[in-house]
2 protein chains.
Amino acid sequence: MTSELSDPGNLVRRVDVDRTSPVPLYFQVATQLQELIESGEIGVGARIENEVDLAERLRVSRPTTRRAIQYLVERGMLVRKRGVGTIVAHPSVRRPVELSSLYDDLVAGDREPRTEVLDLRVTQASDAIAQALQLPPGTEITWIERLRYASGEPLALMRNAIPRTVLEPAREELAEHGLYVLLRRAGHVPRIATQVIGARSATTAEARTLGERRGASLLTMTRTAWDAGGRALEYGSHVYRASRYSFEINLSAG
Amino acid sequence: MTSELSDPGNLVRRVDVDRTSPVPLYFQVATQLQELIESGEIGVGARIENEVDLAERLRVSRPTTRRAIQYLVERGMLVRKRGVGTIVAHPSVRRPVELSSLYDDLVAGDREPRTEVLDLRVTQASDAIAQALQLPPGTEITWIERLRYASGEPLALMRNAIPRTVLEPAREELAEHGLYVLLRRAGHVPRIATQVIGARSATTAEARTLGERRGASLLTMTRTAWDAGGRALEYGSHVYRASRYSFEINLSAG
DNA sequence: TTTGTGAGTTTGTCAGGACAAAGTATTGAC
DNA sequence: GTCAATACTTTGTCCTGACAAACTCACAAA
């Protein structure tokens with residue numbers, strides 16, 4: 001009995017590798033499998049070809065095939081079961097991109113971000129900020145205060161501290177780009193961040209700046225971000241208009 | 001020149017493997033390395049023995065050693081650099097435990113949680129809830145409303161919907177344990193969740209239930225959680241007293 | 001002083017093979 | 001027909017061996 005279902009090999013026929021490319025073989029295989037899954041050519045719940053056959057057909061070793069599949073398993077796109085096979089997971093368990101910045105989110109959501117730089121100066125870290133960044137008190141930092149608009153309306157008041165040795169951005173750069181874009185451009189890749197999200201009522205000054213009624217609910221967020229080496233990159237203390245913004249967070253365990 | 005620094009091998013001498021154990025070799029090595037790091041016996045920034053020597057000393061193959069190290073790299077405990085070596089990362093980049101529940105957090109923080117079950121019944125999912133859980137409308141769900149106290153004071157009002165086929169907890173269980181404990185006990189391991197966190201002012205009824213002033217700021221959180229197979233486990237819509245609670249979230253990109 | 005050059009070290013990629021463990025499906029005894 | 005034993009499939013673990021790429025450092029040349 002050779003039905004379509006019992007022969008999942010036919011679903012991944014167009015995967016092929018280029019041995020002249022500097023891109024690792026396992027990554028080529030993983031990328032092409034990912035495309036087949038994301039395009040829907042291999043449907044949710046479908047079984048993909050088993051490791052041994054796939055390796056043979058692509059003329060790569062089984063460890064290479066395993067590594068490609070493992071790569072996608074870690075991203076939640078595939079689920080493996082010993083004795084059963086490897087199946088395509090439901091799209092809702094696919095691990096999302098994380099650690100993006102507000103600016104990127106707004107651009108992606110077509111909400112026309114605009115940034116007004118209220119303050120920009122080099123100063124010494126206060127004790128609280130030094131502690132958050134786990135740096136010695138008095139370390140020189142770049143202090144930034146920005147007002148972020150979306151679709152023409154004020155959305156958030158953002159205060160950030162960045163070690164001077166990490167980044168000292170120009171006013172124009174801050175008006176044009178999100179902070180995380182500037183960090184990455186300077187070669188600092190945030191790997192992990194701790195955020196605390198809370199809420200409180202707006203003070204009179206905040207209400208005026210953000211165009212809210214006095215006492216309106218505000219979302220607060222403080223964050224510290226580090227790179228892979230444990231170097232502190234950024235501390236931020238932001239307030240958002242709760243009527244216009246909420247945080248969407250994707251968590252994964254595994 | 002054979003200084004302490006140029007011979008990091010001496011730091012991991014007590015790592016050893018047991019070939020009679022059913023625990024995989026790579027995992028034994030990883031666990032023991034992890035203990036050495038967490039106990040501080042290998043300090044932050046210190047280089048660990050290189051793969052080849054470590055493999056030779058433990059009498060395991062290099063791929064096995066690599067896999068153990070890779071395991072810790074993915075958890076942010078080690079950082080690898082080609083041509084340089086593998087060093088112990090700063091503790092702040094170590095990936096945290098995620099997807100824990102409020103109850104667990106409160107227990108961990110010594111805040112004496114107590115739960116009052118306000119409502120518990122089996123009903124049909126509304127369109128909104130069915131959509132959040134990605135189930136057909138009208139699917140039978142367990143509907144739960146709870147009031148959570150911490151240190152004797154009301155903290156949060158929690159409404160949850162769980163597919164009946166996933167869990168149908170008893171009132172006493174809900175009063176005794178967090179929802180995630182019950183889910184895990186029933187064999188449902190949450191792997192990924194989407195949360196939306198916002199804020200708004202309390203209605204009169206909410207203020208009365210939670211012991212706040214009318215118009216006080218509340219934190220709102222809606223969440224849907226899935227297991228590794230993409231099966232929806234839980235939908236929740238919670239409100240927290242912003243004066244008593246905030247969310248701490250650890251994000252990682254890697 | 002600065003700039004290449006080359007040797008040495010360390011991690012990254014890949015092959016091919018072997019056996020174990022956990023499922024699924026089939027078969028045979030009762 | 002039911003249930004247990006068996007065969008088969010598929011992923012999991014582990015090995016040896018080989019070469020490539022990135023980095024450090026010492027040393028020579030400009």
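Chain letters run A, B, ... following the sequence lines, proteins first, then strands; residues in each count from 1. These figures come from a predicted structure and were not determined experimentally.
- In this structure, A/Pro24 reaches the sugar-phosphate backbone alone: every heavy-atom distance under 4.0 Å involves primed, P, OP1 or OP2 atoms, never a base.
- The CD1 atom of B/Ile87 sits 15 Å away from the C1' atom of D/dT24 (whole-angstrom rounding).
- Comparing atom distances between the B/Tyr26 side chain and each of D/dC14, D/dT10, C/dG12 picks out D/dC14 as nearest.
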Checklist entry - When you check every protein heavy atom under 4.0 Å of nucleotides 18-24 of chain C, what one-letter string (B, S, -) results, 5' to 3'? => result B--BBS-

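- Distance, A/Glu56 CD to D/dT11 C1': 17 Å, rounded to whole Å.
- Proximity note for B/Asn50 (side chain, C-beta onward) versus D/dT10, C/dT10, C/dC14: the nearest is C/dT10.
- With sequence neighbours excluded, the residues satisfying salt bridge (charged side-chain N to carboxylate O under 4.0 Å, His left out) with A/Arg121 are A/Asp119.
- B/Phe247 is linked by a ring pair (Phe, Tyr, Trp, His ring centres under 6.0 Å) to B/Tyr240, B/Tyr245, counting only residues two or more places apart in sequence or in another chain.
- Of the side-chain N and O atoms in A/Thr64, none sit less than 4.0 angstrom from OP1 or OP2 of C/dT13.
- Between the CG atom of A/Leu58 and the P atom of C/dG16 there is a distance of 13 Å, rounded to whole Å.
- The side-chain contact (heavy atoms from CB on, under 4.5 Å) test applied to B/Ser21 returns B/Asp18, B/Val23, B/Gln28, not counting sequence neighbours.
- Between the side chain of B/His188 and the backbone N or O of B/Asp227, no donor-acceptor pair lies under 3.5 Å.
- Remark: C1' of C/dG12 and CD of B/Gln70 are 10 Å apart, rounded to the nearest angstrom.
- Within the structure, every pair that satisfies the side chain to side chain donor-acceptor pair (under 3.5 Å) test and touches residues 76-88 of chain B, not counting sequence neighbours, is listed here: B/Glu51-B/Arg80, B/Gln70-B/Arg80.
- Taking only side-chain nitrogens and oxygens, B/Arg66 never comes nearer than 4.0 Å to OP1 or OP2 of C/dC14.
- Close to D/dT13, at under 4.0 Å from its OP1 or OP2, lies a side-chain N or O of B/Arg67.
- When heavy atoms are screened at a 4.0 angstrom cut-off, B/Ile69 is found touching no nucleic acid atom at all.
- What separates CD of A/Gln28 from P of C/dC14 is a distance of 8 Å, to the nearest Å.
- Between B/Thr86 and C/dT11 there is a side-chain N or O to OP1 or OP2 distance below 4.0 Å.
- Comparing atom distances between the A/Ser61 side chain and each of C/dC14, D/dT11, D/dT16 picks out C/dC14 as nearest.
- A/Glu51 has its CD atom 14 Å from the C1' atom of D/dC14, to the nearest Å.
- Sorted by first and then second residue, the ring pair (Phe, Tyr, Trp, His ring centres under 6.0 Å) pairs with a member in residues 36-80 of chain B read B/Phe27-B/Tyr71; sequence neighbours excluded.
- Within 4.0 Å (heavy atoms only), A/Val60 reaches sugar-phosphate atoms of the nucleic acid but no base atom.
- Under a 3.5 Å cut-off, the side chain of A/Thr224 and the backbone N or O of A/Ala193 do not form any donor-acceptor pair.
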